[in-house]
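Quick caveat: nothing in here was measured; it's all calculated off a predicted structure.
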Amino acid sequence: WDPTGSETHTISITYESTTGRDTLINGLADSRTENNGKLIRGGVTTQYKFLVGNTTKAGQFDNVERATTTLYVSGTWS
């Protein structure tokens, strides 16, 4: 199954880019394995299995670099 062909099962997250976070995200992306994670939205927690996709970065006026990573949802876990 190639998750990159479906935009309906993606989650984009934006966060402050740090060396530790970049290392973690790059390691997950390079592993090409399913990862378990929780998404909490409106007080509701959903447990997703996902693959880590591409990350883009952008600098801000306050000198904080922001990164946005796409997660490809492959199912749920319990």
Looking at every heavy atom in both Y15 and I25, which two are closest together, and how far apart are they?
OH-CG1, 3.6 Å
Can you tell me how far apart CH2 (W77) and NZ (K49) are? Round to the nearest 0.5 Å.
10.0 Å
Could you state the interatomic distance from CG (N36) to OH (Y48), rounded to the nearest 0.5 Å?
13.5 Å
T68: what forms a side-chain hydrogen bond (donor to acceptor under 3.5 Å, both in side chains) with it, not counting sequence neighbours?
T14
Mind listing the closest non-hydrogen atom pair of Y72 and G53 along with its distance?
CE1-CA, 3.7 Å
Qualifying residues under side-chain hydrogen bond (donor to acceptor under 3.5 Å, both in side chains), relative to T70, sequence neighbours excluded
none
Using side-chain hydrogen bond (donor to acceptor under 3.5 Å, both in side chains) as the criterion, list what pairs up with S12, not counting sequence neighbours.
none
Name the one of T69, D22, N26 that satisfies side chain to side chain donor-acceptor pair (under 3.5 Å) with T55?
T69
With distance as the sole criterion, is a donor-acceptor pair present between the side chains of T76 and Q47 under 3.5 Å?
no
The reported gap from OG1 in T10 to CZ in F50 (rounded to nearest 0.5 angstrom) is 13.5 Å
Can L51 and L71 be said to form a side-chain contact (heavy atoms from CB on, under 4.5 Å), step by step?
CA-CA 6 Å; L51 299 168; L71 306 177; over 6 Å; no
Steps toward side-chain contact (heavy atoms from CB on, under 4.5 Å) verdict (E16, E65):
CA-CA 6 Å; E16 182 178 336; E65 187 174 49; over 6 Å; no
Under a 3.5 Å distance rule, please check whether N35 uses its side chain to pair with a backbone N or O of T33 as donor and acceptor.
yes
So, the side chain of R66 versus the backbone of K57: is there a donor-acceptor pair under 3.5 Å, distance only?
no
